[in-house]
Amino acid sequence: MLPFKTLIQVDKKSKYPIYQQIANRFIGLIQEGVLQPGAFLPGSRVMAAQLGLHRQTVVAAYEELASQDWIISMARKGMMVAANLPVIKPRSFKTTAVAYAQGPSFSFNAVPKLEMLPPAIGIRYTINDGFPDVRLAPLTEWTKECRSIVQSPRYTKLLMDGSDTLRKEMTKFLTNTRGLNISPDNIMVSRGAQMAIYTAAAMLIRKGDHVITGSPNYIFADLCFEQLGANIIRVPVDNEGIDVDAVEKLCRTKKIRMLYVVPHHHHPTTVTLSAERRMKLLEIIRTYKLAVIEDDYDYDFHYSSAPILPLASADHGGNVMYIGSLTKSLGLSLRIGFLVAPARFIAEAGHLRRLMDLRGDNLSEEALAAMLQSGAIERHLKKAKKIYHERRDLLCKLLMDKLDNRLQFTPPSGGLALWLKFPEHLPVQEVAEKALDLGLRMSPGMHYHYQGKPGNALRFGFASLNDRELANVVGILAKCCK
Ligand SMILES: Cc1ncc(COP(=O)(O)O)c(C=O)c1O
């Protein structure tokens, strides 16, 4: 008899019932060739004694295996591994290595990537680069809407056919908040702004195409463009936003496929494109028929004044693909964003999206539509904006009080992060290493310059930290900057 006690081990703390664990392990042994077709299993009493389990547990495992046709009951002989299974060359027990622990033996494409922060083990605080506070999420309204949809008779139809409600509600929302003059045909719902960036870029970029981005730039946009084979040309970003004269010069001298711009609370620097540059950029777009991705990822949070309307709301000849997101607005794990463009482009982009994600998350989309309709989103945004505004002000004050002007920053007019510049003699990488020892995790700076010289700066997301947490985090930062 095989040493089943060694081969089958159960985890009493697992969320899976023990009989199922045993059944799964038997299936593994059959697939690995340890148990061959036609082999007999010990009777349930013997097996139970071997494994130190109740006999009924083994009986339940055998029943499960029989119901899946892995074993069959032979009159007066007991349980036999189904004889019609393909014969698998047996492997020794010692080398039953899991297949995915090896290989693969084929080559595959590398994807441009960025080193992530170390896992948050033993970490008290993290300075993220601008996350919302999930503790403020409107969970009651969200749960209510989800429950009501799941319990409604139209739920099955919704799952099968999808629905247009969110695009209709988004049309109203974007018209009211951003002055866009659009219809539902102009909107593609995406899983966050990131998917919208990739989809729009993939519709445009062919290998070797010139794409203009800011320097520095939102790295995950750079990675998308590089993955698609673009030749990225960078133009400076100063405290008025992207240098539009440099953009025009490039348009005059080269065939530019696309410009990527973050006009509000630029990532990473948080600057806002000045009104003068906006006007000039619109002129460039019209003159050169320049395709533009306008990434307005956190438009809904603006503190100092009313936000300047997006380029997409002005006369751009249909050349601006406007991207935004509700992932930051809601602070739920809800990943819903949008791409706004001419209907012909959106129809095609929808086909591309479908190649990666056939249906989207119908339930979440419908619940979000209901919350837009009921005004719950608007109420939540109003409340969250007030709190984030206070947190921005508190962070600025703490930095001034505790760091005595050692780090430079300009309070951002909106968004969820502040751009903190470190002096040359204080490399952010060294500060990040010291901070980690004190339980604070932060970017050592490489997240803001892709393939360039890392800048000595940090995006300090303030929205997800409450007053006490902000004070503690700045306290640790101050210690590390001494
Ligand atoms: C500039 C910018 N664009 C897009 C995104 C992606 O947003 P989402 O989480 O909605 O995919 C981010 C995320 O931080 C961002 O900073």
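Every value quoted in this text rests on a predicted model; they were computed, and no experiment measured them.
Contact annotation: the side chain of Tyr198 approaches that of Leu228 to within less than 4.5 Å [non-hydrogen atoms, C-beta and beyond]. At a threshold of 4.5 Å between non-hydrogen side-chain atoms, the residues Met321 and Met203 do not count as touching. Taking 4.5 Å as the limit, some side-chain heavy atom of Lys280 sits within range of a side-chain heavy atom of Asp245. Residues His266 and Thr272 fail the side-chain proximity criterion, which asks for heavy atoms closer than 4.5 Å. Within the 4.5 Å cutoff, the side chain of Leu166 has heavy atoms near those of the Ile336 side chain. No side-chain heavy atom of Leu426 sits under 4.5 Å from any side-chain heavy atom of Glu430. Using a 4.5 Å heavy-atom threshold, the side chains of Leu339 and Ile197 count as separate. Residues Leu477 and Val431 have side chains in contact (heavy-atom distance under 4.5 Å, counting atoms from C-beta outward).
Using a 4.0 Å cut-off between charged side-chain N and carboxylate O, Arg234 and Asp222 make a salt bridge.
No more than 12 heavy atoms of other residues, nucleotides or ligands sit less than 6.0 Å from atom CZ of Arg206. Heavy atoms of other residues, nucleotides or ligands lying less than 6.0 angstrom from CE of Met356 number more than 12. Heavy atoms from other residues, nucleotides or ligands lying under 6.0 Å from CD of Glu378 number 12 at most. Other residues, nucleotides and ligands contribute at most 12 non-hydrogen atoms within 6.0 Å of the CZ atom of Arg147.
One finds the CZ atom of Arg167 at 14.0 Å from the CZ atom of Phe338 (value rounded to the nearest 0.5 Å). To the nearest 0.5 Å, atom CZ of residue Arg257 and atom CZ of residue Phe225 are 12.5 Å apart. For the atom pair Leu259 CG and Ile242 CD1, the distance stands at 5.5 Å (nearest 0.5 Å). From Ser215, atom OG reaches atom NE2 of His449 across 6.0 Å, with rounding to the nearest 0.5 Å. Atoms CG and CZ, from Leu440 and Arg124 in turn, are 9.0 Å apart once rounded to the nearest 0.5 Å. One finds the CG atom of Asp361 at 10.5 Å from the CG atom of Leu368 (value rounded to the nearest 0.5 Å).
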- Step-by-step salt bridge (Lys or Arg N to Asp or Glu O under 4.0 Å) determination, Arg178 to Asp300: CA-CA 9 Å; Arg178 280 119 165 119; Asp300 292 312; 3.0 Å; yes
- Query: Between Glu141 and Lys383, does a salt bridge (Lys or Arg N to Asp or Glu O under 4.0 Å) hold up when you go through it step by step?
  - Reply: CA-CA 14 Å; Glu141 288 90 340; Lys383 176 179 129 189; over 6 Å; no
- Task: Kindly determine whether Asp404 and Arg406 satisfy salt bridge (Lys or Arg N to Asp or Glu O under 4.0 Å), including the steps that lead there.
- Result: CA-CA 5 Å; Asp404 312 319; Arg406 261 171 288 160; 3.7 Å; yes
- Please lay out, stage by stage, how Asp437 and Lys479 fare under the test salt bridge (Lys or Arg N to Asp or Glu O under 4.0 Å). CA-CA 11 Å; Asp437 290 339; Lys479 273 191 208 156; over 6 Å; no
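Between Tyr448 and the options Tyr218, Phe460, Trp419, Phe422, a ring pair (Phe, Tyr, Trp, His ring centres under 6.0 Å) holds for only Trp419.
Sorted by first and then second residue, the pairs that involve residues 365-374 and meet side chain to side chain donor-acceptor pair (under 3.5 Å), not counting sequence neighbours, are Arg154-Glu366, Ser163-Glu366, Thr165-Glu366, Glu169-Gln373.
Tyr125 and Asn472 share a side-chain donor-acceptor pair at under 3.5 Å. A side-chain donor from one of Asn128 and Ser464 sits under 3.5 Å from a side-chain acceptor of the other.
Judged purely by atom type and a 3.5 angstrom limit, Asp393 has no side-chain atom pairing as donor or acceptor with the backbone of Glu390.
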